[in-house]
Student: 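Quick one: this structure, given as structure tokens, is what I'll be asking you about.
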Amino acid sequence: MKSLSEIRLYCFSPGSLLGDRDPLEVVAAEIRGGADVIQLREKEASKRSRLELGAKLRDLTRREGILFIVNDDVDLALILDADGVHLGQEDIPIEAARPLMKEKIIGVSTHSLKQAKKAVASGADYIGVGPVFETRTKMDREPLVGLDLLAEVKDICPVPYVAIGGIGAGNIESVIAAGCRRVAVIGDILLARDVEEQCRKLRSVLS
Ligand code: TZP
Ligand code: MG
């Protein structure tokens with residue numbers, strides 16, 4: 001199983017970008033293209049259907065030896081024996097999740113240096129930092145943080161930090177130039193004509 005420090009390309013289940021595809025096929029393509037992590041992120045699905053898809057994704061990611069993280073729901077993460085959970089600023093706080101998650105991974109979304117410091121102090125195993133660029137995926141997004149925050153987080157963050165928000169083949173080099181080698185990408189991958197090839201393209205520049 002891949003360790004957290006090794007992760008570079010952080011990918012997602014298709015959610016509302018599924019179209020007429022099979023979600024398992026889409027995630028399999030992300031993995032063939034080099035995804036290091038798959039997050040179950042199905043904002044519009046019922047909890048039961050998240051559980052059903054999650055069970056399939058857990059099997060797939062385990063077979064492939066990559067990390068499987070569940071968005072928002074500690075209970076689903078535990079039921080699915082996921083490697084971890086990802087919590088936003090409005091989800092339950094890390095202090096409430098840790099006794100349940102124990103040694104499992106807890107990731108936290110952060111949108112400022114203050115939030116990044118707090119997440120780290122609370123024991124986050126990794127943090128997300130964003131939205132770096134304009135995104136069409138998250139309608140209720142926080143104000144853009146830009147590349148500057150990535151550089152600031154680099155100086156204070158002892159755990160892996162993952163840039164998110166509007167990242168794609170057209171701007172990934174600027175994220176790397178800001179010192180960040182880990183990116184989470186939704187639209188640029190899931191809206192690409194060839195998901196596997198798009199992942200390969202992004203993964204190849206993240207050494
Ligand atoms: N958190 C901050 S921006 C974002 C999330 C979940 C959406 C990222 O999607 P995209 O399509 O890669 O901009
Ligand atoms: Mg959330």
Side-chain angles (χ1 to χ4, degrees), residues 7-19 26-27 30 33-45 47 50 54 69-78 80 82 84-97 100-101 105-113 115-116 118-119 122 124-150 153 161-176 178 180 182-193 195 198-199 201-203 205-206:
I7 67 167
R8 293 290 178 268
L9 182 60
Y10 189 126
C11 293
F12 295 80
S13 64
S16 62
L17 302 181
L18 177 64
V26 175
V27 171
E30 290 179 323
D36 302 296
V37 185
I38 298 296
Q39 182 187 114
L40 176 72
R41 184 177 187 272
E42 297 288 323
K43 293 283 188 187
E44 285 157 32
K47 205 151 186 174
R50 295 210 291 279
I69 304 286
V70 170
N71 193 35
D72 299 335
D73 298 307
V74 169
D75 56 350
L76 273 188
L78 292 173
L80 291 167
V85 71
H86 186 89
L87 301 172
Q89 292 290 323
E90 293 180 357
D91 295 316
I92 64 164
I94 194 164
E95 290 80 2
L100 297 163
M101 295 301 292
I105 295 166
I106 303 181
V108 176
S109 293
T110 68
H111 318 291
S112 66
L113 195 61
Q115 287 178 358
K118 182 161 189 285
S122 308
D125 297 293
Y126 75 92
I127 60 172
V129 181
V132 178
F133 304 115
E134 190 54 72
T135 176
R136 279 183 291 170
T137 305
K138 190 171 163 64
M139 291 309 171
D140 60 342
R141 68 162 179 79
E142 301 290 321
L144 300 187
V145 301
L147 292 165
D148 291 348
L149 182 61
L150 293 180
V153 167
Y161 64 101
V162 182
I164 187 165
I167 298 170
N171 57 23
I172 191 167
E173 299 284 358
S174 65
V175 174
I176 296 167
C180 181
R182 300 185 176 90
V183 300
V185 179
I186 301 181
D188 190 66
I189 288 171
L190 290 166
L191 294 170
R193 219 171 321 139
V195 166
Q198 198 65 16
C199 285
K201 195 185 281 183
L202 295 166
R203 185 67 180 78
V205 296
L206 298 165

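Remember, it's 1-based here, ligands and their atoms both numbered in the order they're listed.
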Student: Nearest 0.5 angstrom please: Ile176 CD1 to Arg8 CZ, how far?
Tutor: 10.0 Å
Student: Just distances here: any N/O of Thr137 and N/O of ligand 1 closer than 3.5 Å?
Tutor: yes
Student: With only distance considered, is Ile186 within less than 3.5 Å of ligand 1 through an N or O on each side?
Tutor: yes
Student: Counting heavy atoms only, name the option from Met139, Lys138, Glu142 that's nearest to atom 2 (C) of ligand 1.
Tutor: Lys138
Student: Go through the side-chain N and O atoms of Glu95 and Ser122 and say whether any donor and acceptor fall under 3.5 Å apart.
Tutor: yes
Student: How about Glu90: does its CD atom have over 12 heavy atoms from other parts shown lying under 6.0 Å from it?
Tutor: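 Not buried by this count: 12 neighbours or fewer within 6.0 Å.
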Student: Please report, to 10°, the angle around the Mg ion (ligand 2) from atom OD2 (Asp91) across to atom OD1 (Asp72).
Tutor: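 Roughly 100°, rounded to 10°.
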Student: Could you establish whether Ile164 and ligand 1 come within less than 4.0 Å of each other, counting only heavy atoms on the residue side?
Tutor: yes
Student: For ligand 1, which atoms, with element, lie under 4.0 Å from some heavy atom of Arg41?
Tutor: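 Counting atoms of ligand 1 from 1, those under 4.0 Å from Arg41 are 6 (C).
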Student: Below 4.0 angstrom from a heavy atom of Gly166, which ligand 1 atoms are there? Numbered from 1 as shown, please.
Tutor: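 What qualifies from ligand 1 is 10 (P), 12 (O), 13 (O).
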Student: Go through ligand 1 atom by atom and flag the ones less than 4.0 Å from a non-hydrogen atom of Gly187.
Tutor: 10 (P), 11 (O), 12 (O)
Student: Is it true that Arg182 and Asp36 make a salt bridge, defined as a side-chain N closer than 4.0 Å to a carboxylate O?
Tutor: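 So Arg182 does not pair with Asp36 through a salt bridge.
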Student: Applying the salt bridge (charged side-chain N to carboxylate O under 4.0 Å, His left out) test to Asp72, which of Arg41, Lys43, Lys47 qualifies?
Tutor: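 Among Arg41, Lys43, Lys47, the one meeting salt bridge (charged side-chain N to carboxylate O under 4.0 Å, His left out) with Asp72 is Lys43.
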Student: To the nearest 0.5 Å, tell me how far Leu40 CG sits from Asn71 CG.
Tutor: 8.0 Å
